[in-house]
Trainee: 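The structure that follows is given in the form of structure tokens.
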There are 2 protein chains.
Amino acid sequence: MFEILHKKVNETITITDEEFAYAKTLFVPKKLRKKRFLLEDGEVCMYTTFVEKGLLRSFTIDDKGNEHILQFGMQGWWVGDLYSFLTGEASEYNIEALEDSELLLITKPSWNLLLDEVPAFERYFRILIQNNLIATQRRLMCTISATAEERYSKLLKDFPDISQRVPQHMIASYIGVTRETLSRLRSQMISGN
Amino acid sequence: MFEILHKKVNETITITDEEFAYAKTLFVPKKLRKKRFLLEDGEVCMYTTFVEKGLLRSFTIDDKGNEHILQFGMQGWWVGDLYSFLTGEASEYNIEALEDSELLLITKPSWNLLLDEVPAFERYFRILIQNNLIATQRRLMCTISATAEERYSKLLKDFPDISQRVPQHMIASYIGVTRETLSRLRSQMISGN
DNA sequence: CGCCGAGTTGAACTGAATCAAGAAACGTGG
DNA sequence: CCACGTTTCTTGATTCAGTTCAACTCGGCG
């Protein structure tokens, strides 16, 4: 159950087996079936979550009922609403399993314990968040400056398997267009390339 | 010269005077005049930089010659291209002073030293980057889902003084519209509100 | 078998970009 | 202190990318 987390952590920092064994005691394993929710908007996000297996999405729903996807959480990634987790305020995000998933949850008290007791984990999370920030900044700049087609091409390049694993309308709400527009883009790209 | 940094660090973590005194030895103070560049695209970002005083912008220029602003760096903020700084690859960003500024630069070796020698700084940067990630995610979701007018209103709410300090066309390239569109938006908002 | 969600396609519409021109504000040098 | 060019901002006309609304197809599943 902890294989992927162990692998990911070891790729980033050096820790002893004892330290990782200690970390293991702080996580709660959880299986989540497809279409089930890890978090619904209005709730407080009580956990930050590592995806051992499966696929999730975190998204908001606007006043017109449209969904906007912040993130797909695949194997080896973390999901959760950081702001709600840290402040205890209600979340505006929903987190839903797109495939049957195996998760490792950690509560805020346990997380704080982990950071205090094992400084290497402080570094692990710093680097993790750092990489996430870089990726999010890239996506933001792309969203500001590129056309729908460019954003779609970039997504396919960054996550080649995503279009097989998730429905097209979710890809549309990730890149910030309607499903109709994405559909037209795809047919153009097939005929024109 | 280190007042603001000291204040900001103390707001986030607890460190001893010796630790901060040590940190001070690792920074290089630098004054940067208005319109001068701290980083130009194509260069490697050699420093991550704290703004003691003044105002900077980091931005890219696309193939059509349009500017896209990632960030305004004001007093108490950090600026730099994290990706280039960490990997040593050429940066795509430009960083320019919008006002005469006083900066504290730290090189990668010094930064690593700081993180290794003073674990509290590892935490400081983790929290700093965490907050930055939350803000960037918010801005991304806003860019995906909101209209130009909503994004402009949000900017004014988040940074009330920005529209006095920077030219309108830069605000336009921050929210991802042309200066003409922003100009029309502003005249609408004045007449209609 | 019938229904429902997912995807496609068409037509009309709209928010924002582009192109173009002029007005106002600014800094710099004489 | 004024004259100059430069940058910034505005306004209008036109174009275009992407939305909206609507109808239809396809595949899966109860």
Side-chain angles (χ1 to χ4, degrees), chain A residues 33-36 55 57 59 61-69 72 94 96-100 141-156 162-192, chain B residues 33-37 55 57 59 61-69 72 94 96-100 142-156 162-192:
Chain A
R33 291 253 195 84
K34 187 173 174 169
K35 299 210 175 179
R36 297 287 162 78
L55 180 63
R57 69 200 260 240
F59 64 102
I61 303 176
D62 69 20
D63 31 300
K64 288 172 209 147
N66 295 318
E67 295 175 354
H68 304 283
I69 296 184
F72 293 110
N94 302 274
E96 181 197 10
L98 300 179
E99 300 173 359
D100 293 347
M141 293 308 276
C142 185
T143 305
I144 282 181
S145 61
T147 63
E149 181 172 351
E150 289 167 326
R151 296 199 305 271
Y152 180 57
S153 298
K154 194 170 184 304
L155 177 71
L156 292 184
I162 203 88
S163 75
Q164 275 72 55
R165 288 174 79 182
V166 318
Q168 296 301 317
H169 75 267
M170 290 186 190
I171 293 182
S173 52
Y174 181 92
I175 61 176
V177 298
T178 59
R179 59 178 156 278
E180 293 94 331
T181 298
L182 181 60
S183 175
R184 280 182 256 266
L185 271 167
R186 282 159 53 84
S187 60
Q188 275 173 36
M189 290 169 80
I190 290 163
S191 68
Chain B
R33 292 253 195 85
K34 187 172 175 169
K35 300 208 174 180
R36 296 290 160 78
F37 285 76
L55 180 63
R57 71 201 259 240
F59 65 102
I61 302 176
D62 68 21
D63 31 300
K64 286 172 211 147
N66 295 317
E67 294 175 356
H68 304 283
I69 296 184
F72 293 110
N94 301 274
E96 181 197 10
L98 300 179
E99 300 173 358
D100 291 348
C142 186
T143 305
I144 282 181
S145 60
T147 63
E149 182 172 350
E150 288 168 327
R151 296 200 303 272
Y152 180 57
S153 299
K154 194 170 185 302
L155 177 71
L156 292 184
I162 203 87
S163 75
Q164 275 72 55
R165 290 175 77 183
V166 318
Q168 295 303 316
H169 75 266
M170 290 187 191
I171 293 181
S173 53
Y174 181 91
I175 61 176
V177 297
T178 59
R179 63 185 103 85
E180 293 95 330
T181 298
L182 181 61
S183 174
R184 279 182 256 266
L185 235 51
R186 282 160 52 84
S187 61
Q188 275 173 36
M189 289 169 80
I190 291 162
S191 68

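Naming convention: chains lettered A, B, ... in sequence-line order (proteins, then strands); numbering from 1 in each chain.
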Trainee: Just how far, in rounded Å, is C1' of C:dG7 from CZ of A:R179?
Mentor: 9 Å

Trainee: Check the distance between C:dG15's P and B:I175's CD1 and give it to me in whole angstrom.
Mentor: 16 Å

Trainee: What is the minimum heavy-atom distance between A:L185 and A:E149, and which atoms define it?
Mentor: CD2-CB, 3.4 Å

Trainee: Quick check: closest heavy atoms across B:L182 and B:Q168, and the distance to 0.1 Å?
Mentor: CD2-O, 3.3 Å

Trainee: Return yes if a side-chain donor-acceptor contact under 3.5 Å exists between B:Y174 and B:R57, otherwise no.
Mentor: no

Trainee: OP1, OP2 of C:dG5 versus side-chain N and O of A:H169: anything below 4.0 Å?
Mentor: no

Trainee: Quick one: B:Q188 CD to D:dG12 C1', roughly how many Å, whole number?
Mentor: 14 Å

Trainee: C:dG5 C1' sits how many Å from A:M170 CE, rounded?
Mentor: 11 Å

Trainee: Please state how far atom CE in A:M189 lies from atom P in C:dG7, giving the value in whole angstrom units.
Mentor: 16 Å

Trainee: Would you say that more than 12 heavy atoms from the other residues, nucleotides or ligands in this model lie under 6.0 Å from the CZ of A:R36, or not?
Mentor: no

Trainee: Rounded off to whole Å, could you give me the CD1-to-P distance for the B:I171 and D:dT10 pair?
Mentor: 11 Å

Trainee: Check A:M141 against B:I69 and note the closest heavy-atom contact, atom names and distance.
Mentor: CE-C, 4.1 Å

Trainee: Rounded to whole angstroms, how far apart are OH on B:Y152 and C1' on C:dA16?
Mentor: 17 Å

Trainee: Does the pair B:E150 and B:S145 meet the rule for a side-chain contact (heavy atoms from CB on, under 4.5 Å), with working shown?
Mentor: CA-CA 10 Å; B:E150 288 168 327; B:S145 60; over 6 Å; no

Trainee: Within this structure, what is the CG-to-C1' distance between B:L98 and D:dT7, rounded to whole angstrom?
Mentor: 14 Å

Trainee: How does protein reach along nucleotides 18-30 of chain D, written 5' to 3' as B (base within reach of a heavy atom under 4.0 Å), S (only sugar-phosphate), or - (no contact)?
Mentor: SBBBB--------

